[in-house]
S.K.: 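Supplied in structure tokens, the structure appears directly below.
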Amino acid sequence: RNPRLDYAYTYGMKFNGFGYEFHKLEFDIADRYFFGFFGFLDLKILGGKIWGDVPYPLLLNHQGNDSYYFDNQSFNLMNPFEFASDQYVSVMLKYNFNGLISNRLPLFKRLKIRSFVFANGIYGTLNSSHENIILLPDGLSSLNEPYLETGFGFDNIFKLIRLDFIWRITNINSPQVQKFGVTFDIVPSF
């Protein structure tokens with residue numbers, strides 16, 4: 001009934017001249033909105049900020065996923081350690097039609113397969129002062145433009161499997177990125 005709020009605060013301090021002094025604040029707000037017969041919307045907003053200069057392992061490294069297994073906490077077409085920020089905001093949306101479309105198809109209705117659409121995006125910035133401590137490794141960079149991915153999927157397949165079809169919309173100029181992917185998840189429903 002109420003949104004869920006999670007937050008974390010980290011203070012880094014120097015000890016005997018070693019380490020880095022910084023403040024890190026991260027938050028996560030999640031909520032579900034019901035639309036009766038028309039389904040429901042899951043909304044997740046994440047954000048974070050770092051005050052102070054830190055090396056790249058202490059930055060806000062955005063979660064990528066390079067497997068075929070779906071991860072609802074990450075960006076599934078972003079490579080791990082592809083982007084880092086010292087401040088960011090992210091939105092993850094999933095609209096579940098709750099049978100509104102799939103109940104019109106006889107086989108889908110009989111198997112109780114549900115359809116959904118989703119979109120994930122992130123915008124972040126990275127101050128160049130962090131690279132004065134240590135250079136970013138090859139493949140890790142700041143977000144030059146917002147990262148967006150979108151797709152659709154089916155869940156409750158055999159009351160066990162979720163299947164997602166995902167398109168990467170932005171940051172597609174590098175040859176190492178995957179522009180389309182299919183992922184699955186094991187989600188038992190009783």
S.K.: Spell out, as yes or no, whether a donor-acceptor pair under 3.5 Å connects the side chain of S90 to the backbone of G121.
M.R.: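 The answer is yes, because a donor-acceptor pair under 3.5 Å joins these two groups.
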S.K.: According to a 4.5 Å side-chain heavy-atom criterion applied to Ile, Leu, Val, Met, Phe, Trp and Tyr, with indirect links allowed, do I169 and V91 form part of one hydrophobic cluster?
M.R.: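 As far as the 4.5 Å side-chain criterion goes, V91 and I169 are connected within one cluster.
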S.K.: According to side chain to side chain donor-acceptor pair (under 3.5 Å), does anything in residues 117-127 pair up with another residue at least two apart or in another chain? List the pairs.
M.R.: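 As it turns out, the side chain to side chain donor-acceptor pair (under 3.5 Å) pairs with a partner in residues 117-127, which skip direct neighbours, are Q87-T125, N120-E149, N127-S129.
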S.K.: Between F108 and F154, is the ring centroid distance below 6.0 Å?
M.R.: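 Ring-ring flag for F108/F154: true, centres closer than 6.0 Å.
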S.K.: Do Y20 and I133 come within less than 4.5 Å of each other through their side chains, counting heavy atoms only?
M.R.: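 Touching, per the 4.5 Å side-chain cut-off.
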S.K.: Got more than 12 heavy atoms from elsewhere within 6.0 Å of CZ, F38?
M.R.: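 12 or below, so no.
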S.K.: Which distance, rounded to the nearest 0.5 Å, do you find between the CD of E145 and the CD1 of I172?
M.R.: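 Here the interatomic distance stands at 8.5 Å.
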S.K.: Less than 4.5 Å apart, side chain to side chain, heavy atoms only: is that true for N132 and D53?
M.R.: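 In short, these two side chains do not touch, never coming nearer than 4.5 Å.
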S.K.: So do F83 and L59 actually touch side chain to side chain, heavy atoms under 4.5 Å?
M.R.: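 The answer is no, as the side chains (C-beta and beyond) never meet within the 4.5 Å cut-off.
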S.K.: For V177 versus N79, what's the shortest heavy-atom pair and its separation?
M.R.: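 Smallest heavy-atom distance, with atoms named: CA-ND2, 4.3 Å.
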S.K.: Do Y7 and D28 have side-chain atoms, one donor and one acceptor, less than 3.5 Å apart?
M.R.: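 No - no donor-acceptor pair under 3.5 Å links their side chains.
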S.K.: With a 4.5 Å cut-off on side-chain heavy-atom distances among I, L, V, M, F, W and Y, is there a chain of contacts connecting L58 to M13?
M.R.: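 In one cluster: no.
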S.K.: If you define the side chain from C-beta out and look only at heavy atoms, does anything of N72 sit under 4.5 Å from D185?
M.R.: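 They are not in side-chain contact.
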S.K.: How far apart are the closest heavy atoms of I122 and H62, and which atoms are they?
M.R.: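 Looking at all heavy atoms of both residues, the closest pair is CD1-ND1, 3.1 Å.
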S.K.: Same cluster or not: are I113 and L105 linked, directly or through other Ile, Leu, Val, Met, Phe, Trp or Tyr residues, by side-chain heavy atoms under 4.5 angstrom apart?
M.R.: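 Yes.
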S.K.: Within the structure provided, determine whether D164 and F118 are in side-chain contact (heavy-atom separation under 4.5 Å).
M.R.: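 In contact.
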S.K.: How many angstroms lie between OG1 in T150 and CZ in R168, if you round to the nearest 0.5 Å?
M.R.: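 Rounded to the nearest 0.5 Å, the OG1-CZ separation comes out at 14.0 Å.
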S.K.: What distance separates N61 CG from S85 OG, expressed to the nearest 0.5 Å?
M.R.: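 It is 9.0 Å, given to the nearest 0.5 Å.
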S.K.: What is the distance from atom NZ of K14 to atom CZ of F22, rounded to the nearest 0.5 Å?
M.R.: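 Interatomic distance, K14 NZ to F22 CZ, rounded to 0.5 Å: 12.0 Å.
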S.K.: L25 and F27: side chain to side chain contact (heavy atoms under 4.5 Å, CB included), yes or no, with the steps?
M.R.: CA-CA 7 Å; L25 180 63; F27 70 89; 5.8 Å; no
S.K.: Compute the ring centroids of Y95 and F116, then answer whether they are less than 6.0 Å apart.
M.R.: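 No, the ring centres sit 6.0 Å or more apart.
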S.K.: Do E26 and T10 have side-chain heavy atoms sitting under 4.5 Å apart?
M.R.: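 Sidechains of T10 and E26: no contact.
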S.K.: Could you pull out the closest heavy-atom pair between L60 and G48, with the gap in Å?
M.R.: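 Looking at all heavy atoms of both residues, the shortest contact is CD1-C, 3.6 Å.
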S.K.: Below 4.5 Å, heavy atoms only, C-beta onward: do L93 and L43 meet side chain to side chain?
M.R.: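 Side chain of L93 against side chain of L43, heavy atoms only: contact under 4.5 Å found.
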S.K.: List the atom of I134, the atom of P55, and the distance in Å for their closest heavy-atom pair.
M.R.: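 Reported closest heavy-atom pair: CG2-CB, 3.4 Å.
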S.K.: Please indicate whether F34 has more than 12 foreign heavy atoms, meaning atoms of other residues, nucleotides or ligands, lying under 6.0 Å from its CZ.
M.R.: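 Yes.
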S.K.: Measure the acute angle between the ring planes of Y69 and F184, then classify it against the limits of 30° and 60° as parallel, tilted or perpendicular.
M.R.: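 Because their plane-to-plane angle is over 60°, the rings of Y69 and F184 count as perpendicular.
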S.K.: Flag yes if F152 and F180 sit in one hydrophobic cluster, no otherwise; membership is Ile, Leu, Val, Met, Phe, Trp, Tyr, and two members link when side-chain heavy atoms are under 4.5 Å apart.
M.R.: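 Shared cluster, yes.
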S.K.: Decide if atom CZ of F40 counts as having more than 12 heavy atoms of other residues, nucleotides or ligands within a radius under 6.0 Å.
M.R.: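 Check passes, neighbour count above 12.
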S.K.: What is the distance from atom CG of N98 to atom CZ of R114, rounded to the nearest 0.5 Å?
M.R.: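 Result: 6.0 Å between the selected atoms.
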S.K.: Ignoring hydrogens, what is the shortest heavy-atom contact between S115 and I101? Give both atom names and the distance.
M.R.: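 Taking S115 first and I101 second, the nearest heavy atoms are OG-CB, 4.0 Å.
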S.K.: Locate the shortest heavy-atom distance separating P3 from D31; write the atom from each residue and the value.
M.R.: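 Smallest interatomic distance, heavy atoms only, reads CG-OD2, 3.7 Å.
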S.K.: Does atom CZ (R110) have a neighbourhood of more than 12 heavy atoms from anything else shown, all under 6.0 Å?
M.R.: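 Incorrect, the count does not exceed 12.
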S.K.: A side-chain contact here means heavy atoms from C-beta on lying under 4.5 Å apart; do Y88 and L143 qualify?
M.R.: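 Sidechains of L143 and Y88: no contact.
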S.K.: State whether K44 and D42 are salt-bridged, where the test is any N-O pair (Lys NZ or Arg NE/NH1/NH2 against Asp/Glu carboxylate O) under 4.0 Å.
M.R.: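 No salt bridge links K44 with D42.
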S.K.: Among side-chain atoms of H130 and Y56, is any donor-acceptor pair under 3.5 angstrom?
M.R.: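 No.
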S.K.: Are I157 and L111 close enough, and set up right, to give a side chain to side chain contact (heavy atoms under 4.5 Å, CB included), and what steps lead you there?
M.R.: CA-CA 7 Å; I157 302 170; L111 296 174; over 6 Å; no
S.K.: Is there a side chain to side chain contact (heavy atoms under 4.5 Å, CB included) between F81 and L136 once you walk through the steps?
M.R.: CA-CA 10 Å; F81 295 103; L136 296 178; over 6 Å; no
S.K.: Can you confirm whether F165 is buried at CZ, in the sense that more than 12 heavy atoms of other residues, nucleotides or ligands lie under 6.0 Å from that atom?
M.R.: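 Enclosed: over 12 neighbouring heavy atoms sit under 6.0 Å from CZ of F165.
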S.K.: Give, for atom CZ of F97 and atom CG of L41, the distance between the pair rounded to the nearest 0.5 Å.
M.R.: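 The distance works out to 10.5 Å.
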S.K.: Using the rule that Ile, Leu, Val, Met, Phe, Trp and Tyr join whenever any side-chain heavy atoms are under 4.5 Å apart, tell me whether M78 and W167 fall into a single cluster.
M.R.: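 Per the 4.5 Å side-chain linkage, M78 and W167 are not co-clustered.
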